[in-house]
Amino acid sequence: MTNEQLNIILPLPEGKKRAVTAGSVCLMLSVAMLGTGFFVIQGPILEEMGASGYYSLLTIFASLGLSIMTPIGGKLGDLFGRRNVVVISGILCAVCAVGMGMIRSVLPFIFLRLILGAAQGAFTAAPYILMREINEAKDVPRAMGFLASAVAIGGFGGSILLGAMADRGFLGAAIMIPIIPLIPGVVLIGLNLPNKKTEGNVKIDVKGIVCLAVLLSAFCLSMNYGAILGWTDIKIILGFILTVFSLAVFIKIEGRVGKTAVVPMHLFKNRQYTVLLFVGFACYFYQTAMNAYAPLAVQKVLGASAAASGSLQLPRTILTMILPTFFGVWVGKKKQNYWIAMAFATGIVAAAFIPLGFTTTATSILVYFVAIAATGIAEGFRSVAVTPAAQATLAPEDLGIGSSLTTFVNSLAGLVASAVFGVIYGMNADSVQRGVNQIFLFTVAVSAAGLLVVLLVVRKSESESGT
């Protein structure tokens, strides 16, 4: 059987394939620990520096570097080789983590956090791209399941481990813990992955990269600070004006550049791909409501303890550690299973948040445990369906940037949700109960919209294309 029949983009010997897969899993463990786990110790770190007032700025800088470099990293991998990008950005990430563990001055610490986020963003999408490049198409969902389980384990285990070390006074060591899985990931990929890159003279779309950085910076900062300063503040208004202007300039630049564009505009003419971007957005949107407002509702409306609200996600986490691999095997058996999995991913979330949208003081905390656990099932379906389906619509030369954009849009959903929920909650400042209920019902609406798109558009397009 030929590689074309197997639909493998980058064929590897079985041993090297397993090594690259293991390296990708290690990278995702580190990504999760540098994300969810790091936020557990961010407060104590700043308190030790006497700089607690910088918490919001540090959070924004972390997400800013990640947001800017995620789409750019995919393109750089296409131009200079995925292996080179992973090795260089991975080493830079490790150096920054070591530096942050040793430095106790707030401004250099924040600068290193920005660079670390940017380096992390450069390789964040690489594991998802590699799982498509080195695997037969039917095995991609199962491989994506490994990555999803790694994210769940890294986020949950990293939070516990880093928090425990911080409690014992080992803050510096806690900051460096995420590089433990990062280093073997970089080594495994560096030694076993051929450096497939663009042949000939490589032209870097410098104008496009700079414009994209300005665009994303203006958008992210405006969205983050809008809820704090007020959406009518002149600085926020100017930020959104700069966002719109930068977007128009970026589209014009990228349209002229053509194939070397950091974000090729022809991707958005691919109807199947753009629809799947929206589905991914809808699948991720609920997580801000779950992470920020469900614990708030449990504490302020139900009157439960902080410890009880902190344990809400334990059943969900266990499910997201186990289910993706099994769901991935199921999705890979039949092409029709892709849209079915996406329907479950959106529909389960919509159903889970309906009872939360009618929270009262008499609501049982068990309702929250069951609802959030159900989102773990939805996440298991999402993680093995949306990205592989989007990749299947792309030409091989667009796989890197197309996969990176999918990852970026997923993270963008959280940013947009935070801003929208902040507005909703602010409009109900006199009633926590009414505020969280409206947030949960808005989440239902977004998830239901995603379900409708899957049923009315994705199912039909997959049936017509046979993908």
Side-chain angles (χ1 to χ4, degrees), residues 16 18-45 48 58 62-63 65-66 69-70 73 82-104 108-109 112-128 130-131 143 145-193 317-318 320-322 324-325 407:
K16 288 185 177 292
R18 289 176 180 173
V20 171
T21 300
S24 297
V25 168
C26 288
L27 291 183
M28 297 317 297
L29 283 169
S30 177
V31 165
M33 293 174 75
L34 284 168
T36 307
F38 186 82
F39 281 120
V40 173
I41 61 173
Q42 181 170 298
I45 291 169
E48 186 182 82
L58 182 60
S63 61
L66 190 66
M69 282 306 300
T70 296
R82 208 83 54 208
R83 184 188 67 191
N84 284 351
V85 170
V86 169
V87 171
I88 293 171
S89 60
I91 291 173
L92 180 59
C93 192
V95 170
C96 289
V98 171
M100 290 169 64
M102 299 173 65
I103 289 174
R104 285 299 175 267
F109 187 89
L112 285 176
R113 187 68 181 101
L114 173 65
I115 301 302
L116 186 149
Q120 184 183 350
F123 69 75
T124 293
Y128 298 102
L130 291 175
M131 292 306 96
F146 294 149
L147 301 184
S149 296
V151 170
I153 293 169
F156 182 66
S159 297
I160 294 174
L161 179 58
L162 270 63
M165 294 189 68
D167 290 342
R168 287 164 176 76
F170 301 112
L171 277 173
I175 297 171
M176 299 183 208
I177 285 292
I179 70 174
I180 293 176
L182 174 63
I183 291 173
V186 170
V187 171
L188 285 168
I189 290 176
L191 294 178
N192 295 282
L193 182 70
T317 301
I318 294 171
T320 53
M321 290 178 183
I322 298 170
T325 301
T407 304

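The residues of the chain are indexed from 1 along the displayed sequence. The structure displayed is predicted, hence computed values, not measured ones. The figures here come from the full heavy-atom set of this structure, side chains too, leaving out hydrogens, waters and symmetry mates.
Side-chain atoms of L171 and R104, non-hydrogen and from C-beta on, do get closer than 4.5 Å to each other. A 4.5 Å side-chain heavy-atom check between M176 and M102 finds at least one atom pair inside the cut-off. The side-chain heavy atoms of C93 and I179, taken from C-beta on, include no pair separated by under 4.5 Å. No side-chain heavy atom of L193 sits under 4.5 Å from any side-chain heavy atom of V86. Between V186 and F123 the shortest side-chain heavy-atom distance does not fall below 4.5 Å.
Of all heavy-atom pairs spanning Y128 and M28, the tightest one is OH-CE, 3.4 Å. The shortest non-hydrogen separation linking M131 to S24 is CE-OG, 3.5 Å. Closest approach of L116 to A97, counting heavy atoms only: CD1-N, 3.7 Å.
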Could you walk me through whether L188 and V20 pass the side-chain contact (heavy atoms from CB on, under 4.5 Å) test, one step at a time? CA-CA 6 Å; L188 285 168; V20 171; over 6 Å; no
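Rounded to the nearest 0.5 angstrom, R83 CZ and L130 CG are separated by 12.0 Å. To the nearest 0.5 Å, the span separating CD on Q120 from CG on L27 amounts to 10.0 Å.
Checked against salt bridge (Lys or Arg N to Asp or Glu O under 4.0 Å), R113 has no partners two or more places apart in sequence or in another chain.
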Which pairs would a plain distance check flag for residues 149-156, meaning a side-chain donor or acceptor within less than 3.5 Å of a matching protein atom at least two apart in sequence or in another chain?
residue, atom, partner, partner atom, Å
S149, OG, G145, O, 3.1
S149, OG, M321, O, 2.9

